Amino acid sequence: MSAAANGAMLAVEDVTTAYGAIVALRGVSLTVGHGEIVTLIGANGAGKSTLMMTICGSPAPREGRVVLEGRDITGWPTHLIMRQGLAHAPEGRRIFPRMTVLENLRMGAEVLNGAHFDQDLEKVCALFPRLKERLGQRGGTLSGGEQQMLAIARALMSRPRLLLLDEPSLGLAPMVVRQIFAAIRDLNRETGLTVLLVEQNAYHALRLAHRGYVLVNGRITMTGTGAELLARPEVRAAYLEGGRA
Ligand SMILES: Nc1ncnc2c1ncn2[C@@H]1O[C@H](COP(=O)(O)OP(=O)(O)OP(=O)(O)O)[C@@H](O)[C@H]1O
Ligand SMILES: [Mg+2]
């Protein structure tokens with residue numbers, strides 16, 4: 001195991017992931033330190049969601065390793081990985097549409113078998129007051145922004161040490177995006193929550209993150225602090241032109 005993997009919250013080492021003949025990740029390596037916000041930016045189809053899903057064990061990588069808090073979890077089934085202090089808010093706000101907001105939040109807390117539920121419910125309601133007013137409403141009838149808040153809140157209900165967020169800003173109005181990014185920043189500052197954030201909205205993501213990686217066609221092409229990456233003309237061009245080299 002590499003030195004980086006030993007000290008990091010998460011280390012992805014030389015990971016190759018394929019869907020049949022389609023190779024989505026080609027030797028991807030990255031680390032996320034304890035208490036860090038790290039962002040992965042890239043265009044449509046670059047492989048961002050595939051990396052998140054590979055970390056969660058489905059699909060499993062064809063080559064390489066995923067190391068969580070020093071433990072090699074490569075090849076573990078997803079349900080076991082989700083019990084290791086990691087939560088995933090997947091792309092597209094995959095909440096349970098027929099369940100109420102409260103029921104969705106209960107699903108998020110399932111890995112804790114209901115421990116601390118009331119206390120944690122209060123915390124996520126304080127973070128997202130709109131959800132508090134809508135606990136009895138069905139998830140599918142929430143607005144897009146509210147569904148995104150619910151997806152994040154549901155992930156937080158499992159008390160993760162590492163939160164994987166896949167495009168939380170997708171399709172949302174700028175004000176809602178700011179609210180959600182502010183919530184992530186506050187959680188990180190106040191609780192030390194470690195975050196791996198996937199975004200196409202490179203500007204906001206790099207301003208929020210301590211460090212970032214740029215993914216182009218399944219390969220990491222650049223890395224640096226958020227500020228460094230924001231200053232790079234290639235990043236600006238890639239962001240404006242959609243991220244393809
Ligand atoms: N289940 C699948 N079967 C086959 N190919 C897939 C599957 N899921 C993703 N791919 C392919 O893998 C590549 C990477 O997709 P992925 O969803 O990881 O990209 P992404 O960076 O998250 O893009 P976006 O910004 O559009 O969400 C794409 O070419 C996509 O078509
Ligand atoms: Mg995606």
Side-chain angles (χ1 to χ4, degrees), residues 10 12-30 32 37-66 73-75 77-79 81-82 86-95 144-145 147-152 154-155 162-174 176-177 180-181 184 195-209 211-223 226 229-230 234-245:
L10 173 74
V12 171
E13 298 187 332
D14 270 320
V15 159
T16 292
T17 300
Y19 302 100
I22 296 175
V23 182
L25 299 176
R26 303 165 186 271
V28 168
S29 297
L30 61 79
V32 182
I37 302 177
V38 171
T39 188
L40 179 69
I41 60 174
N44 290 125
K48 304 180 300 295
S49 297
T50 300
L51 182 62
M52 295 296 224
M53 293 188 293
T54 301
I55 293 166
C56 295
S58 177
R62 195 169 275 184
E63 286 169 37
R65 298 182 326 136
V66 179
I73 59 166
T74 319
T78 300
H79 70 275
I81 293 175
M82 300 324 277
L86 177 155
H88 182 205
E91 190 181 335
R93 310 159 198 155
R94 292 206 208 109
I95 54 153
Q147 289 189 29
Q148 188 59 59
M149 292 172 198
L150 177 56
I152 297 170
R154 187 182 60 184
L162 171 63
L163 177 63
L164 306 180
L165 284 175
D166 196 341
E167 301 211 32
S169 77
L170 192 70
L172 302 183
V176 183
V177 173
I180 286 181
F181 277 47
I184 298 167
V195 180
L196 177 59
L197 168 71
V198 158
E199 265 297 334
Q200 282 190 58
N201 193 333
Y203 178 73
H204 283 290
L206 290 171
R207 286 197 39 154
L208 174 73
R211 290 189 305 117
Y213 294 85
V214 179
L215 189 65
V216 179
N217 294 330
R219 287 195 172 88
I220 301 285
T221 58
M222 266 180 269
T223 182
L229 288 175
L230 258 183
E234 309 96 293
V235 171
R236 291 173 171 269
Y239 168 57
L240 293 173
E241 289 157 22
R244 297 237 173 228

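Start at 1 and go down the list; that is how both ligands and their atoms are numbered. All values reported here derive from a predicted model rather than from experimental measurement.
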What residue among N201, L208, L206 forms side chain to side chain contact (heavy atoms under 4.5 Å, CB included) with H204? N201
Any non-hydrogen protein atom below 4.0 Å of atom 9 (C) of ligand 1? yes
Distance-only, no hydrogens or angles: does the T17 side chain make a donor-acceptor pair with backbone N or O of A24 under 3.5 Å? no
Going by the side chain to side chain contact (heavy atoms under 4.5 Å, CB included) test, name the single residue among T16, L51, D14 that passes it with L25. L51
Out of N44, T50, T17, the nearest non-hydrogen contact to atom 18 (O) of ligand 1 is supplied by T50
Whether the side chain of E199 engages the backbone of S169 through a donor-acceptor N/O pair (distance < 3.5 Å, no angle test) should be reported. yes
Against heavy atoms of Q200, which atoms of ligand 1 measure under 4.0 Å? 25 (O)
May I ask whether atom 31 (O) of ligand 1 is less than 4.0 Å from at least one protein heavy atom? no
Quick one: do I81 and I55 satisfy side-chain contact (heavy atoms from CB on, under 4.5 Å)? Show the steps, please. CA-CA 9 Å; I81 293 175; I55 293 166; 5.8 Å; no
Please lay out, stage by stage, how L40 and M52 fare under the test side-chain contact (heavy atoms from CB on, under 4.5 Å). CA-CA 10 Å; L40 179 69; M52 295 296 224; 5.9 Å; no
Against ligand 1, does G218 come closer than 4.0 Å with any heavy atom? no
Below 4.0 Å from ligand 1: does a non-hydrogen atom of E167 turn up there or not? yes
Quick test: of every protein heavy atom, which one is nearest to atom 6 (C) of ligand 1, and how far off is it to 0.1 Å? Y19 CD1, 3.2 Å
Purely on distance, is any nitrogen or oxygen of G47 under 3.5 Å from one on ligand 1? yes
Quick check: does any side chain N or O of K48 sit under 3.5 Å from a backbone N or O of A43, one acting as donor and the other as acceptor? yes
With a cut-off of 2.8 Å, does S49 put an N/O/S atom close enough to the Mg ion (ligand 2)? yes
How close does the nearest protein non-hydrogen atom get to atom 13 (C) of ligand 1, and which residue and atom is it? G45 O, 3.8 Å
Numbered in order shown, the ligand 1 atoms found under 4.0 Å of a heavy atom of S49 are 17 (O), 18 (O), 20 (P), 22 (O), 27 (O)
Which residue and non-hydrogen atom of the protein lie closest to atom 25 (O) of ligand 1, and at what distance in Å? K48 NZ, 2.7 Å
For ligand 1, which atoms, with element, lie under 4.0 Å from some heavy atom of A43? 21 (O), 25 (O)
Does any N or O atom in A24 lie less than 3.5 angstrom from one in ligand 1, N or O only? no
Can you tell me if T223 uses its side chain to pair, donor with acceptor, with the backbone of G212 under 3.5 Å? yes
Spell out, as yes or no, whether a donor-acceptor pair under 3.5 Å connects the side chain of R219 to the backbone of V28. no
